[in-house]
Amino acid sequence: MSLLALTRPVPPTITECELTHLAREPISFTKAADQHEAYENALRSLGCAVKRLAGAPDHPDSVFIEDTAVVLDECAVITRPGAQSRRGEIEIVAQSLDAYRPVLRIGAPDTLDGGDVLRVGRRLWVGLSTRSTSAGAKQLGTLLKRFGYRVDTAVVRDCLHLKTAVSALPDGRLLLSPRMVDAWAFDAQSPIEVDPSEPFAGNVLSVGDTVLCPASAPRTRARLEAQGYKTVVVDASELAKAEGGLTCCSLLLDVSG
Ligand code: CIR
């Protein structure tokens with residue numbers, strides 16, 4: 001497998017990001033940009049080629065590229081983000097993805113954020129959050145049916161996106177935060193729960209056979225290692241203040257052809 005990670009730089013306007021569940025705290029642009037670069041380097045160390053798209057200073061949340069598209073082997077679905085302030089982020093991502101995949105789109109008036117889409121094999125779940133609607137999920141299901149994917153919805157509690165709460169591990173098992181989602185919603189085989197002291201540790205990024213974990217969640221990482229998963233740690237504390245996690249900062253594509 002040959003993986004390409006699309007990223008976007010942290011804009012200096014990140015301090016004006018959207019916030020839903022967190023109170024606004026000062027965000028250091030320099031620290032966020034340094035941590036983001038370390039994240040890109042971690043992806044390179046795991047074998048990804050990293051392509052950084054142009055920055056978008058007019059879009060404070062544009063570093064969170066995951067929300068703009070759902071990329072599968074067969075196509076890329078450009079989303080219609082739930083936050084009005086984020087809708088202008090999608091075109092440059094659509095243009096970039098067009099070189100690699102047929103591009104499909106979620107149409108108005110429905111909304112869908114990529115951060116709400118969890119995929120395991122040929123099944124996808126869309127989190128019904130403040131950003132993604134059941135009609136948006138239905139559109140996704142209609143677009144992907146022809147490729148043999150099934151799309152279901154899941155209820156999320158007290159978090160921004162479905163993938164704040166649950167992530168797919170390299171073998172398809174799930175890591176989840178039981179406070180935010182119910183395991184039964186996913187027909188999950190032996191899900192791993194985050195450590196109770198780290199309710200926000202459900203967002204990890206699987207790259208090949210390795211799990212990229214946030215430095216803020218050492219106990220959950222220890223749980224993953226105890227189950228035999230290889231992990232790599234990155235410190236993403238500054239972007240966490242903008243409600244971003246590890247999956248949010250890249251779109252991963254298999255470009256083996
Ligand atoms: C937002 O509220 O849209 C951004 N401040 C955070 C987006 C994080 N994205 C993600 O979880 N996929």
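Counting convention: from 1, in listed order, for ligands and their atoms alike. Small disclaimer: the values here were computed from a predicted structure and weren't measured.
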Sole residue of Arg52, Lys51, Arg8 in salt bridge (charged side-chain N to carboxylate O under 4.0 Å, His left out) with Glu40: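 Filter result, single survivor: Arg52.
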For the salt bridge (charged side-chain N to carboxylate O under 4.0 Å, His left out) test, which of Lys145, Arg122, Arg101 pairs with Glu74?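 By the salt bridge (charged side-chain N to carboxylate O under 4.0 Å, His left out) criterion, Glu74 pairs with just one of Lys145, Arg122, Arg101: Arg122.
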Closest protein heavy atom (residue, atom, distance) for [atom]:
{"atom": "atom 10 (C) of ligand 1", "answer": "Cys248 SG, 2.8 Å"}
{"atom": "atom 2 (O) of ligand 1", "answer": "Arg131 NH2, 2.8 Å"}
{"atom": "atom 6 (C) of ligand 1", "answer": "Ala242 O, 3.3 Å"}
{"atom": "atom 8 (C) of ligand 1", "answer": "Glu243 O, 3.3 Å"}
{"atom": "atom 4 (C) of ligand 1", "answer": "Asp61 OD1, 3.0 Å"}
{"atom": "atom 9 (N) of ligand 1", "answer": "Asp67 OD2, 2.8 Å"}

Judged on heavy-atom distance to atom 12 (N) of ligand 1, which of Glu16, Glu66, His21 sits nearest?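 Heavy atom nearest to atom 12 (N) of ligand 1 belongs to Glu66.
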Taking only heavy atoms of Gly115, which atoms of ligand 1 are found under 4.0 Å from at least one of them?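 That gives atoms 12 (N) of ligand 1.
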In terms of atom number and element, which parts of ligand 1 are under 4.0 angstrom from non-hydrogen atoms of His161?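 So the atoms of ligand 1 that pass are 9 (N), 10 (C), 11 (O), 12 (N).
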Of the backbone atoms (N, CA, C, O) and the side-chain heavy atoms from C-beta on, which set of [X] has a member under 4.0 Å from an atom of ligand 1: side chain, backbone, both, or neither?
{"X": "Leu160", "result": "side chain"}
{"X": "Glu18", "result": "both"}
{"X": "Arg86", "result": "side chain"}

Considering only residues two or more places apart or on different chains, which pairs with a residue in residues 164-176 satisfy side chain to side chain donor-acceptor pair (under 3.5 Å)?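 Every pair satisfying side chain to side chain donor-acceptor pair (under 3.5 Å) with a residue in residues 164-176: Asp171-Tyr229, Arg173-Gln227.
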Evaluate the ring planes of Tyr39 and His36, with Trp represented by its six-membered ring, and classify them as parallel (under 30°), tilted (30 to 60°) or perpendicular (over 60°).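 Tyr39 vs His36 ring planes: parallel.
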If you round to the nearest 0.5 Å, how far is OG1 of Thr79 from CG of Asp113?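 Going from the CG atom of Asp113 to the OG1 atom of Thr79 covers 6.0 Å.
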CZ-CD1 distance between Arg105 and Ile78, expressed to the nearest 0.5 angstrom: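 Reported value, rounded in 0.5 Å steps: 6.0 Å.
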ring-ring contact (aromatic ring centres under 6.0 Å, His included): which pairs involve residues 173-206, sequence neighbours left out?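 Output for this query lists Trp125-Phe186.
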Side chain to side chain contact (heavy atoms under 4.5 Å, CB included), paired with Leu124, selected from Leu118, Val70, Thr153: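 Of Leu118, Val70, Thr153, side chain to side chain contact (heavy atoms under 4.5 Å, CB included) with Leu124 is met by Val70 alone.
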